[in-house]
**Student:** 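Okay, handing you the structure first.
Lettering follows sequence order; numbering is per chain, from 1.
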2 protein chains.
Amino acid sequence: MRKFPYGKARSMPSESAKQRRAQAKLDYDAFLTNCPSRQLLARISDKWVTLILAALGGDGPSAGAGGTGEARPLRYSELSRRLAGVSQKMLTQTLRSLERDGLVTRTVTPTVPVTVHYELTELGSSLQELMWGVKDWAEAHMDEVLANRDEYDARPA
Amino acid sequence: MRKFPYGKARSMPSESAKQRRAQAKLDYDAFLTNCPSRQLLARISDKWVTLILAALGGDGPSAGAGGTGEARPLRYSELSRRLAGVSQKMLTQTLRSLERDGLVTRTVTPTVPVTVHYELTELGSSLQELMWGVKDWAEAHMDEVLANRDEYDARPA
DNA sequence: GTGCCTACTTCCTATGAGAGAGTAGCGGGT
DNA sequence: ACCCGCTACTCTCTCATAGGAAGTAGGCAC
């Protein structure tokens with residue numbers, strides 16, 4: 001396993017993207033505290049990130065029979081309405097960090113009042129597929145979890 | 001879409017597990033604040049949950065060429081060592097909630113000192129596959145994200 | 001007795017999530 | 001002229017919680 005001091009200039013120019021990602025999997029280990037991938041994992045393991053990506057992904061590959069699974073850009077206010085209960089602060093904060101990490105693009109249109117669109121990048125799309133699966137799992141297995149909780153709480157201490 | 005007041009006794013006895021899950025996906029919507037699936041999503045969208053499941057899943061389906069992808073039970077102390085940087089409090093807390101939700105089982109062996117094993121349930125395994133994908137994504141795309149961050153930070157405000 | 005082991009539990013403090021109000025800049029109503 | 005309202009934030013305050021550190025039970029070795 002190659003070991004880097006987590007600096008820059010890590011990839012060889014002749015490697016393919018796939019090769020580089022395979023190499024990255026060996027270089028990075030999210031089980032380690034100081035590995036950057038631990039921080040990245042912490043960032044994406046977040047309910048708002050999951051919901052934002054799911055929303056920008058157009059409700060995912062299923063969405064019943066009519067779902068196209070196509071990504072579609074959303075305005076700030078649309079996201080705010082879709083993600084019920086999110087504070088403006090958290091929404092802005094989360095979107096900024098997703099933008100910084102290259103998962104979404106932020107497009108300002110100078111109408112009046114100004115409108116801002118957020119859209120998944122290709123990188124964001126690749127994660128969105130996973131995140132949609134997570135959201136879907138939560139919805140699909142809710143009953144099972146609820147039943148387990150009842151059983152657990154009912155059993156003698 | 002059937003609407004429930006999020007009470008108990010939700011499933012019809014004659015439905016198959018698959019049918020029930022499909023129905024659950026319609027009943028529950030993690031985009032809504034008060035939906036229990038929102039809480040469940042928040043619970044599983046957590047770095048420690050991801051790492052615990054990944055660890056109990058035996059490093060996932062890849063793990064290079066030798067990985068079996070087989071789940072294997074781990075002791076508390078083994079988990080504590082594997083998840084570098086986790087506090088005992090968080091580990092215990094997270095394991096308890098996973099146990100309550102029926103994702104892991106807790107087995108106490110009355111040796112001296114006592115040993116406790118944690119193992120994935122079938123339900124936990126189904127989520128572990130997703131979570132492993134998330135951890136894997138973080139490690140595989142770390143370089144891309146790092147590059148995006150550099151670019152973002154370098155560009156004029 | 002003293003120390004050590006595992007698997008916790010308790011206490012304290014710093015971080016950060018969320019609620020609520022404030023801001024810029026312009027258009028539209030009266 | 002004046003006030004309102006709209007979008008997309010930004011600021012401030014408060015309360016919850018994550019994490020660090022230290023304490024606990026109970027038994028075996030020395």
Side-chain angles (χ1 to χ4, degrees), chain A residues 30-35 38-52 55-56 73-101 104-119 152 157, chain B residues 30-35 38-52 55-56 73-101 104-119 152 157:
Chain A
F31 281 122
L32 305 174
T33 316
N34 301 325
C35 182
R38 165 70 73 88
Q39 258 103 69
L40 182 56
L41 179 64
R43 189 93 265 310
I44 63 180
S45 294
D46 176 278
K47 69 179 163 183
W48 299 126
V49 169
T50 304
L51 289 175
I52 287 174
L56 291 177
L74 289 179
R75 296 183 53 180
Y76 179 86
S77 53
E78 290 173 318
L79 276 170
S80 180
R81 244 170 284 120
R82 190 94 178 81
L83 309 196
V86 70
S87 70
Q88 294 183 318
K89 179 185 141 191
M90 274 312 293
L91 183 54
T92 302
Q93 208 173 88
T94 308
L95 284 168
R96 284 278 194 284
S97 92
L98 291 179
E99 188 197 359
R100 190 167 106 98
D101 289 351
V104 305
T105 55
R106 179 173 178 274
T107 314
V108 180
T109 314
T111 54
V112 55
V114 67
T115 54
V116 180
H117 283 94
Y118 292 93
E119 190 170 6
Y152 184 92
Chain B
F31 281 122
L32 305 175
T33 316
N34 301 324
C35 183
R38 165 70 72 88
Q39 258 103 70
L40 182 56
L41 179 63
R43 188 94 264 312
I44 64 180
S45 293
D46 177 277
K47 68 179 165 184
W48 298 126
V49 169
T50 304
L51 290 174
I52 286 174
L56 291 177
L74 288 179
R75 296 182 52 178
Y76 179 88
S77 54
E78 289 173 319
L79 276 169
S80 181
R81 244 171 284 120
R82 190 93 179 81
L83 309 195
V86 70
S87 70
Q88 295 182 318
K89 179 185 144 191
M90 275 312 292
L91 183 55
T92 302
Q93 208 173 88
T94 308
L95 284 169
R96 284 279 193 285
S97 94
L98 291 180
E99 188 197 358
R100 190 167 105 99
D101 290 351
V104 304
T105 55
R106 179 173 178 272
T107 313
V108 180
T109 313
T111 54
V112 55
V114 67
T115 54
V116 180
H117 282 94
Y118 293 93
E119 189 169 5
Y152 185 92

**Student:** Quickly work out the A/L95 CG to D/dT7 P distance and round it to whole Å.
**Tutor:**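 Taking atom P of D/dT7 as the reference, CG of A/L95 is at 17 Å.
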
**Student:** State whether B/Y118 places a side-chain N or O below 4.0 Å from either non-bridging phosphate oxygen (OP1 or OP2) of C/dC8.
**Tutor:**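 Checking C/dC8 against B/Y118, a side-chain N or O does come within under 4.0 Å of OP1 or OP2.
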
**Student:** Once rounded to the nearest 0.5 Å, what's the spacing between atom OH of B/Y76 and atom OG1 of B/T92?
**Tutor:**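 One gets 3.0 Å once the value is rounded to the nearest 0.5 Å.
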
**Student:** Determine whether B/W48 and B/L91 satisfy the following criterion, side-chain contact (heavy atoms from CB on, under 4.5 Å), listing intermediate values before the conclusion.
**Tutor:** CA-CA 8 Å; B/W48 298 126; B/L91 183 55; over 6 Å; no

**Student:** NA contact type, A/S80, heavy-atom cut-off 4.0 Å: base, sugar-phosphate, or nothing?
**Tutor:** nothing

**Student:** Can you see if the side chain of A/R106 gets near the phosphate of D/dA8 - specifically, an N or O under 4.0 Å from OP1 or OP2?
**Tutor:** no

**Student:** Roughly how many Å is it from CG in A/L51 to P in C/dG18, rounded to a whole number?
**Tutor:** 11 Å

**Student:** Nearest whole angstrom, please: distance from the P of D/dT7 to the CG of A/L74.
**Tutor:**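 That distance rounds to 15 Å.
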
**Student:** Does the side chain of B/R81 get closer than 4.0 angstrom to OP1 or OP2 of C/dT6 through an N or O atom?
**Tutor:**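 Indeed not, no polar side-chain atom of B/R81 lies that close.
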
**Student:** Within this structure, what is the CZ-to-P distance between A/R75 and D/dT7, rounded to whole angstrom?
**Tutor:** 7 Å

**Student:** Nearest-Å distance, CD (A/E99) to P (D/dC9)?
**Tutor:**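 Between P of D/dC9 and CD of A/E99: 9 Å.
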
**Student:** Give the minimum heavy-atom separation between B/A42 and A/K47, together with the two atoms involved.
**Tutor:**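 Heavy-atom minimum between the residues: CB-CD, 3.7 Å.
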
**Student:** Under the side-chain contact (heavy atoms from CB on, under 4.5 Å) rule, what do A/R106 and A/L95 come out as? Steps first, then yes or no, please.
**Tutor:** CA-CA 9 Å; A/R106 179 173 178 274; A/L95 284 168; over 6 Å; no

**Student:** D/dA8, OP1 or OP2 - any side-chain N/O from A/S77 closer than 4.0 Å?
**Tutor:**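 Affirmative; the distance criterion is met.
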
**Student:** Would you mind telling me which of D/dG27, D/dT10, C/dC8 lies closest to the side-chain atoms of B/V116?
**Tutor:** C/dC8

**Student:** Looking at B/W48, does any N or O in its side chain come under 4.0 Å of the phosphate oxygens OP1/OP2 on D/dG19?
**Tutor:**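 Checking D/dG19 against B/W48, a side-chain N or O does come within under 4.0 Å of OP1 or OP2.
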
**Student:** Considering every strand and a 4.0 Å limit on heavy-atom distances, what is the contact class for B/T111: base, sugar-phosphate, or nothing?
**Tutor:**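 Touches nothing.
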
**Student:** Mind checking the CZ-CD1 spacing from B/R82 to B/I52? Nearest 0.5 Å is all I need.
**Tutor:**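 Output value for this atom pair is 12.5 Å.
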
**Student:** Quick check on DNA chain C: between A/V114 and A/G85, whose nearest nucleotide comes earlier from the 5' end?
**Tutor:** A/G85

**Student:** Can you measure B/Q88 atom CD to C/dC5 atom C1' for me and round it to whole angstrom units?
**Tutor:**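 It is 13 Å, rounded to the nearest whole Å.
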
**Student:** Pick the nucleotide of DNA chain C nearest each of A/P113 and A/K47; which residue has the one closer to the 5' end?
**Tutor:** A/K47

**Student:** With a 4.0 Å cutoff (strictly under), does any side-chain N or O of B/Y76 reach OP1 or OP2 of C/dT9?
**Tutor:** no

**Student:** What is the separation between atom NZ on A/K89 and atom P on D/dT12, rounded to the nearest whole Å?
**Tutor:**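 That distance rounds to 12 Å.
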
**Student:** In whole angstrom, give the distance that lies between atom CD of B/Q93 and atom P of C/dT9.
**Tutor:** 10 Å

